[in-house]
Amino acid sequence: MNFTSDNVWGAAPEMLEAFRATNVDAVPSYGDDALTARLSVEMSRVFERPLAVFPVLSGTAANALALATIVPSHGAILCHAAAHIVTDECGAPEFFTHGAKLTPLPGRDGKLEPEVIEQALTQFVRGSVHSSQPAAVSITEA
């Protein structure tokens, strides 16, 4: 097993077969297809609430785009110093958020303690146009 990244190995045979089975006809783009609709229904069932699903090709894309939906360009994303978004995504979170700042924090075993987050929040100048504003906390190992 190699857990370096979600794109180190090729797709599993079951995934390739599923892709082959769905790759037969032209379908509407940008989430208007039946497969994405079915996926949204299934994920809504799993999470026990209505939601929309936007499939992407990699974990980096998922992380960067998810952060871009909730963090403004002047925002700060508090995260562990060893978080994947800090160490392995080559600037994608900052790029897709149009400049939001990753704020790496210390913590044992890759985890953030509430006290560390509270202390970090005291370092921001709230409301200042010259300072990033805290906007999100990324939890590495929920």
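In what follows, residues are counted from 1 in the order of the sequence shown.
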Applying the 4.5 Å side-chain criterion to the ILVMFWY set and letting contacts propagate, would [X] and [Y] be lumped into a single cluster?
X	Y	result
Val53	Ile70	no
Val71	Phe96	no
Leu39	Phe47	yes
Val56	Phe95	yes
Val41	Phe54	no

Around atom CD of Glu115, are there more than 12 heavy atoms of other residues, nucleotides or ligands at under 6.0 Å? yes
Looking at [X] and [Y], what are the two nearest heavy atoms and their distance?
X	Y	answer
Ala92	Thr60	CB-CG2, 3.6 Å
Ala81	Thr87	O-CG2, 3.8 Å
Ala135	Gly75	CB-CA, 4.1 Å

State, yes or no, whether a side-chain contact exists between [X] and [Y] at a heavy-atom distance under 4.5 Å.
X	Y	answer
Leu121	Leu78	yes
Glu94	Leu102	yes
His84	Asn63	yes
Leu51	Ser40	no
Ile77	Thr103	no
Val137	Leu112	yes

[atom1] of [X] to [atom2] of [Y]: how many Å apart, nearest 0.5 Å?
X	Y	atom1	atom2	result
Ile85	His80	CD1	NE2	12.0 Å
Glu48	Met43	CD	CE	12.5 Å
Lys111	Ile139	NZ	CD1	10.5 Å

Check the side chains of Thr36 and Asp33 for a donor-acceptor pair under 3.5 angstrom, ignoring hydrogens and angles. yes
Taking [Y]'s backbone N and O only, do any of them form a donor-acceptor pair with [X]'s side chain (distance below 3.5 Å, no angle check)?
X	Y	value
Ser138	Cys79	no
Thr22	Phe19	yes
Gln133	Gly127	yes

Between Pro134, Ser131, Ser132, which is the residue that forms a side-chain contact (heavy atoms from CB on, under 4.5 Å) with Lys101? Ser132
